[in-house]
Amino acid sequence: MPNGSTHQIAGALAGFAICVLDNSKNAQQQDPLLATITGAILGKLPDQLEPALNPSHRQFFHSFIVLIGGIYGLKKTYEWQPDTPTKILIRQLLLIGGSAYISHLLLDSLTPKSIPLVGSI
């Protein structure tokens, strides 16, 4: 079962990977080291939103519907071509954060408990 360190490593790898992929496409270059560090920090975001205080902590923010929505949002963000420095920074943070969040949900989905379809709303 993935623990916090595993999620941080996966988030770091996801942040680095999206940075390299995006840098090959765009003139606004991201810093791979900063993307890796940000991905590591944000790789634990789902557990910060829904702490593992009990065995059934996986609710909405750990759900399949959030995973699918996150993948769709990541795709739309990747296609977005912002025109101001602030929007470029927002795009970069969304790409790194989104990929780290998705890596967390994918790891959790591979456990015996998996992730719920929608969770408890």
Side-chain angles (χ1 to χ4, degrees):
M1 183 160 154
N3 60 20
S5 297
T6 304
H7 286 305
Q8 285 184 304
I9 292 168
L13 291 173
F16 178 79
I18 198 75
C19 172
V20 169
L21 180 66
D22 194 45
N23 283 352
S24 69
K25 174 188 173 217
N26 283 310
Q28 301 96 4
Q29 298 291 296
Q30 297 185 41
D31 180 342
L33 180 60
L34 189 57
T36 302
I37 292 168
T38 304
I41 293 167
L42 296 176
K44 291 175 63 173
L45 183 58
D47 285 339
Q48 293 168 344
L49 295 171
E50 294 173 341
L53 301 176
N54 63 61
S56 299
H57 80 281
R58 293 181 186 168
Q59 297 297 320
F60 179 73
F61 292 109
H62 277 85
S63 69
F64 184 71
I65 195 80
V66 170
L67 174 61
I68 297 302
I71 291 169
Y72 178 76
L74 192 64
K75 177 189 178 300
K76 296 305 267 183
T77 302
Y78 185 75
E79 293 169 349
W80 177 33
Q81 295 299 314
D83 54 359
T84 66
T86 301
K87 289 179 183 178
I88 290 168
L89 178 62
I90 290 169
R91 179 183 179 274
Q92 291 173 341
L93 288 172
L94 287 172
L95 285 174
I96 296 164
S99 63
Y101 198 106
I102 289 168
S103 74
H104 183 112
L105 295 183
L106 289 173
L107 284 173
D108 281 356
S109 73
L110 299 174
T111 65
K113 185 160 174 69
S114 193
I115 56 176
L117 181 60
V118 177
S120 174
I121 300 173

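When reading the values below, keep in mind they use all heavy atoms of this one structure, side chains included, and skip hydrogens, waters and symmetry mates.
- With rounding to the nearest 0.5 Å, the separation of CZ in R91 from CD1 in I96 is 10.0 Å.
- Under the 4.5 Å side-chain heavy-atom criterion for grouping Ile, Leu, Val, Met, Phe, Trp and Tyr, I88 is not connected to L95 through any hydrophobic cluster.
- Closest approach of L107 and A10 over heavy atoms only: CD1-CB, 3.5 Å.
- Interatomic distance, T77 OG1 to Q92 CD, rounded to the nearest 0.5 Å: 12.0 Å.
- Judged purely by atom type and a 3.5 angstrom limit, Q30 has no side-chain atom pairing as donor or acceptor with the backbone of C19.
- Distance check: L67 CG to L117 CG gives 11.0 Å after rounding to the nearest 0.5 Å.
- You'll find the side chain of F16 reaches within 4.5 Å of the side chain of V20, heavy atoms only.
- The minimum heavy-atom distance linking N23 with Q29 is given by the pair O-NE2, 3.1 Å.
- A single hydrophobic cluster is not seen to contain both I90 and L21; linkage of ILVMFWY side chains at heavy-atom distances under 4.5 Å, directly or through other members, places them apart.
- With a 4.5 Å cut-off on side-chain heavy atoms, D47 and H62 count as touching.
- Rounded to the nearest 0.5 angstrom, S99 OG and I71 CD1 are separated by 11.5 Å.
- Hydrophobic clustering (side-chain heavy atoms under 4.5 Å, transitive across Ile, Leu, Val, Met, Phe, Trp, Tyr) keeps L34 apart from I18.
- Atom CG of residue L110 and atom CD1 of residue I115 lie 9.0 Å apart, to the nearest 0.5 angstrom.
- Between A100 and G39, the closest heavy-atom pair is CB-O, 3.5 Å.
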From CA spacing to verdict: side chain to side chain donor-acceptor pair (under 3.5 Å), D108, T111: CA-CA 5 Å; D108 281 356; T111 65; 5.6 Å; no

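- Two residues are said to be in side-chain contact when any heavy atoms from C-beta on lie closer than 4.5 Å; L42 and Y101 fail this criterion.
- The two residues Y78 and K25 make their nearest non-hydrogen contact at O-NZ, 2.6 Å.
- The main-chain N or O of G43 is found under 3.5 Å from a side-chain atom of H104 such that the two form a donor-acceptor pair.
- Proximity of S109 to F64: side-chain heavy atoms (C-beta onward) are nowhere separated by under 4.5 Å.
- Hydrophobic clustering of Ile, Leu, Val, Met, Phe, Trp and Tyr side chains at less than 4.5 Å, counting indirect connections, keeps I68 apart from L94.
- Separation of atoms CZ (R58) and CG (L105) is listed at 9.5 Å; rounding is to 0.5 Å.
- By the criterion of side-chain heavy atoms lying less than 4.5 angstrom apart, applied directly or through intervening Ile, Leu, Val, Met, Phe, Trp or Tyr residues, L49 is grouped together with I102 in one hydrophobic cluster.
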